[in-house]
Structure formats: C-alpha cells, structure tokens
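Have a look at the structure below, then the notes.
All values below come from the heavy atoms of this structure, side chains included, with hydrogens, waters and symmetry mates left out. This one's a predicted model, so the numbers in the text were calculated from it and none came from an experiment.
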Amino acid sequence: MEKIVQTAGRNTLGEFAPDFAHFNDDILFGEAWNNQDIDHKTRCIVTVVALMSSGITDSSLKYHLENAKKAGVTRKEIAAIITHAAFYIGWPKGWAVFYMAKEVWAEDVVPEWSHAIKNRPAGDGMACVLDSQRESGHTAKAAHAAEMVFPIGAPNDAFAQYFIGQSYLAPVSTSQVGIFNVTFEPGCRNNWHIHHADKGGGQILICVAGRGYYQEWGKEAVEMKPGDCINIPVGVKHWHGAAPDSWFSHLAVEVPGENGSNEWLEPVSDEQYASLK
C-alpha cells in the first residue's frame with residue numbers, strides 16, 4: 001500500500017498548535033494509518049464507524065467516507081455497515097451518516113432495469129434508446145438526491161391519482177407536526193386542491209432542492225428555488241410541482257388545525273402548465 005502522508009494539521013494549526021499538528025500528521029496518520037496489521041480498507045471502515053458512534057457528521061466524516069470509497073468500500077457495503085452500526089449506536093446517527101454516504105456514492109447507484117437492458121440482444125436499437133433515456137433520468141435523479149440532506153423516499157403511490165407524473169414521499173416527522181419531503185420528477189405536479197380546517201390548519205412549503213412552482217387560483221405562478229418558503233392558508237385553491245426541466249423537492253409542513261382535510265380537484269392542464277414563465 002502506498003504510504004499515507006498527511007499535512008492538514010500543519011496547514012491548519014502549524015503555528016497555533018504545533019504539537020497537535022505533529023500528533024495529527026506524524027503519529028495518527030504517519031504511524032497509525034500506515035500500520036500494516038490491518039488492511040487500509042478495514043481501517044477506513046473502523047474510522048467511519050468510530051466517527052458515526054461519536055455523533056460526528058461534519059466534513060471530517062465526509063473525508064473518511066471518501067477515503068473508504070477510494071479504498072474499495074462499495075455502495076452496498078457502506079449501506080450494510082451503517083445499518084449494522086445503527087442498531088448499536090443509534091438510529092438517528094444512521095440517518096445522519098446515510099445523508100453523507102448517499103452523496104459520496106451517488107454515481108454508483110445502478111437501477112435494476114440496467115441489468116435487464118444489458119442482457120438484451122446485441123444491436124437491439126430499442127434497447128439502446130431505452131438505455132440512454134433511463135440512464136439519463138436516473139443520473140438526474142441521483143444528482144438531485146445528492147443536492148439535499150433529506151431522502152427522496154418511496155414512490156408516492158397512495159396519492160398517485162392526484163398527480164401528473166411521478167412523485168416521491170419521505171416522512172421527516174410524523175409526531176407533533178407532520179413534515180414530509182415531497183419530490184417531483186421534471187414536469188410532475190399535483191392537482192388543484194384546497195386545505196380545509198375548522199380552526200388553524202393550512203400548509204407550509206419549503207423548497208430544499210431543484211426548481212418548481214406554486215400557484216394560487218387566479219394568480220400568476222410563483223417560482224420556487226432552494227430556501228424559498230410558501231405559506232398556504234386554509235381555503236385557498238392551489239397546486240405545486242416541478243419545472244419542466246428540473247427535479248424539485250420541498251418540505252410539506254402540516255400546520256396543526258381542527259378537523260383538517262384536503263379537497264382534491266381537477267388536474268393542472270397541459271395548457272396551463274405550458275404557459276408558465
């Protein structure tokens with residue numbers, strides 16, 4: 001194995017804390033990381049689990065996740081490592097590490113359909129077209145997932161009848177206040193709908209990734225980008241969804257209210273959607 005050389009300690013703390021810089025660069029990395037009693041890949045795994053167990057989820061963890069990937073740890077292996085460790089050190093810590101691991105291994109996620117495409121006869125033109133289209137869509141989805149700390153979640157099948165296009169749903173909180181990360185593929189939008197409540201109620205949308213739109217009946221659509229927040233009172237007819245050329249994710253915060261309900265109405269027509277600026 002190539003000898004590991006570290007200079008981060010001296011670069012960052014050489015003048016302020018020279019002893020600490022020496023211990024970091026020369027002892028921890030210079031000696032411990034170059035010890036041959038366990039292989040480099042195993043040492044990377046041990047380090048990731050140690051940081052995870054300590055609740056450290058800053059740039060140092062990402063650095064060691066990247067090191068683990070370079071050392072040969074695969075996406076499936078890191079997923080199994082984090083899942084196993086989470087049982088012993090805490091489920092929330094597992095969630096926190098998965099957010100970073102998804103980003104580090106984003107390009108390694110291979111959809112199941114790709115294996116079937118590869119097994120089609122050579123020269124199959126349709127297979128080539130499907131492969132190109134699906135690979136492009138998958139790559140865009142993976143890139144979108146890497147932009148945010150919240151998971152994309154599972155296909156939103158329970159509400160599919162109220163959407164044009166594919167959406168995904170990931171619960172963030174289901175106690176006290178309901179918070180869900182809703183993701184829309186390009187062109188996906190929900191139907192016009194109204195939130196009802198006898199008291200309180202309504203919804204708050206916070207864009208966390210991509211680009212999308214929110215529109216109230218009789219008003220111009222509002223473009224939503226990361227950090228934008230929309231407050232939706234009860235009784236307001238509206239819709240929200242992705243831009244035609246972008247994935248879009250927002251947190252949907254359920255404002256507590258009495259006897260709350262949703263009234264789903266007609267779809268947003270292609271003509272209405274095409275007129276967006």
Side-chain angles (χ1 to χ4, degrees), residues 4 6 8-9 12-13 17 20 23-25 27-29 32-33 35 37-111 141-156 168-183 204 206-210 226-227 229 247 249-254:
I4 296 173
Q6 178 64 270
T12 306
L13 298 171
F20 186 93
F23 295 142
N24 183 83
D25 296 351
I27 307 302
L28 172 58
F29 285 95
W33 272 91
N35 180 282
D37 292 340
I38 58 175
D39 62 80
H40 183 62
K41 179 178 178 180
T42 301
R43 196 176 297 278
C44 288
I45 293 171
V46 170
T47 304
V48 167
V49 173
L51 293 173
M52 176 179 170
S53 64
S54 300
I56 296 175
T57 55
D58 59 13
S59 59
S60 61
L61 174 60
K62 185 176 181 182
Y63 168 82
H64 284 289
L65 286 169
E66 292 171 342
N67 265 356
K69 183 180 179 181
K70 292 177 183 177
V73 176
T74 66
R75 179 184 66 85
K76 287 187 176 181
E77 286 176 331
I78 196 64
I81 291 164
I82 297 171
T83 300
H84 182 79
F87 278 101
Y88 290 90
I89 64 179
W91 212 245
K93 292 178 180 177
W95 271 107
V97 179
F98 268 125
Y99 291 142
M100 281 192 175
K102 279 177 58 181
E103 180 178 351
V104 173
W105 275 268
E107 71 275 16
D108 294 349
V109 181
V110 180
K141 181 181 177 183
H144 180 74
E147 291 180 6
M148 59 182 174
V149 298
F150 301 102
I152 284 181
N156 191 16
Y168 301 83
L169 188 67
V172 176
S173 172
T174 56
S175 61
Q176 293 184 299
V177 176
I179 304 175
F180 300 85
N181 187 36
V182 186
T183 296
I204 300 172
I206 303 172
C207 178
V208 294
C229 179
W247 285 77
S249 292
H250 66 58
L251 295 182
V253 183
E254 299 176 348

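- Using bins of under 30°, 30° to 60° and over 60° for the plane-to-plane angle, the ring pair Phe29/His64 lands in the parallel bin.
- Contact record, Cys207 with Pro226: SG-N, 3.3 Å, taken as the closest heavy-atom pair.
- Note on Glu77 versus Lys69: no salt bridge recorded, every NZ/NE/NH1/NH2 to OD/OE distance being 4.0 Å or above.
- Pairs passing the side chain to side chain donor-acceptor pair (under 3.5 Å) check and including a residue from residues 50-59, sequence neighbours excluded, read Asp58-Ser60.
- With contacts defined as side-chain heavy-atom distances shorter than 4.5 Å, the pair Leu28/Phe23 does not qualify.
- The structure places CG of Leu51 at 11.5 Å from OH of Tyr63, a figure rounded to the nearest 0.5 Å.
- Using a 4.5 Å cut-off on side-chain heavy atoms (C-beta onward), Phe180 and Glu254 make contact.
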Can I get a per-line list of side-chain donor-acceptor pairs under 3.5 Å for residues 170-179, giving both atom names and the distance, sequence neighbours left out?
unit_1 : atom_1 : unit_2 : atom_2 : d
Ser173 : OG     : Ser175 : O      : 3.1
Ser173 : OG     : Val177 : O      : 3.2

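- Thr42 contributes no side-chain N or O that, together with a main-chain N or O of Ile38, makes up a donor-acceptor pair within less than 3.5 Å.
- Looking at heavy atoms from C-beta onward, Tyr168 lies out of side-chain contact with Asn156 at the 4.5 angstrom threshold.
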Test side-chain contact (heavy atoms from CB on, under 4.5 Å) applied to Glu103 and Lys62, step by step: CA-CA 9 Å; Glu103 180 178 351; Lys62 185 176 181 182; 2.8 Å; yes
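- Under a 3.5 Å cut-off, the side chain of Asp25 and the backbone N or O of Gly9 do form a donor-acceptor pair.
- Between His40 and Ala71, the shortest heavy-atom distance links the atoms CD2-CB, 3.6 Å.
- In this structure, Phe20 and Leu13 approach most closely via the heavy-atom pair CD2-CD1, 3.6 Å.
- The nearest pair of heavy atoms linking Met52 to Gly94 is CE-CA, 3.6 Å.
- Interatomic distance, CG of Asn67 versus CG of Leu61, reported as 11.0 Å (0.5 Å rounding).
- A donor-acceptor contact closer than 3.5 angstrom is absent between the side chains of His144 and Thr183.
- Note that the NZ atom of Lys76 and the CH2 atom of Trp105 stand 15.0 Å from one another [nearest 0.5 Å].
- Distance alone, capped at 3.5 Å, places no donor-acceptor pair between the Arg75 side chain and the Val104 backbone.
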Pair Met148-Tyr99, side-chain contact (heavy atoms from CB on, under 4.5 Å): steps then yes or no: CA-CA 8 Å; Met148 59 182 174; Tyr99 291 142; over 6 Å; no
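- Nearest heavy-atom pair, Lys102 versus Pro151, reported as atom, atom and distance to 0.1 Å: NZ-CA, 3.4 Å.
- The two residues Glu147 and Ala209 come nearest to each other via the heavy atoms OE1-CB, 4.0 Å.
- By the 4.5 Å heavy-atom criterion applied to side chains, Ile206 and Ile204 are counted as neighbours.
- With Asn181 contributing its side chain and Ser249 its backbone, the two residues share no donor-acceptor pair below 3.5 Å.
- To the nearest 0.5 Å, atom CD of residue Gln6 and atom CH2 of residue Trp33 are 10.0 Å apart.
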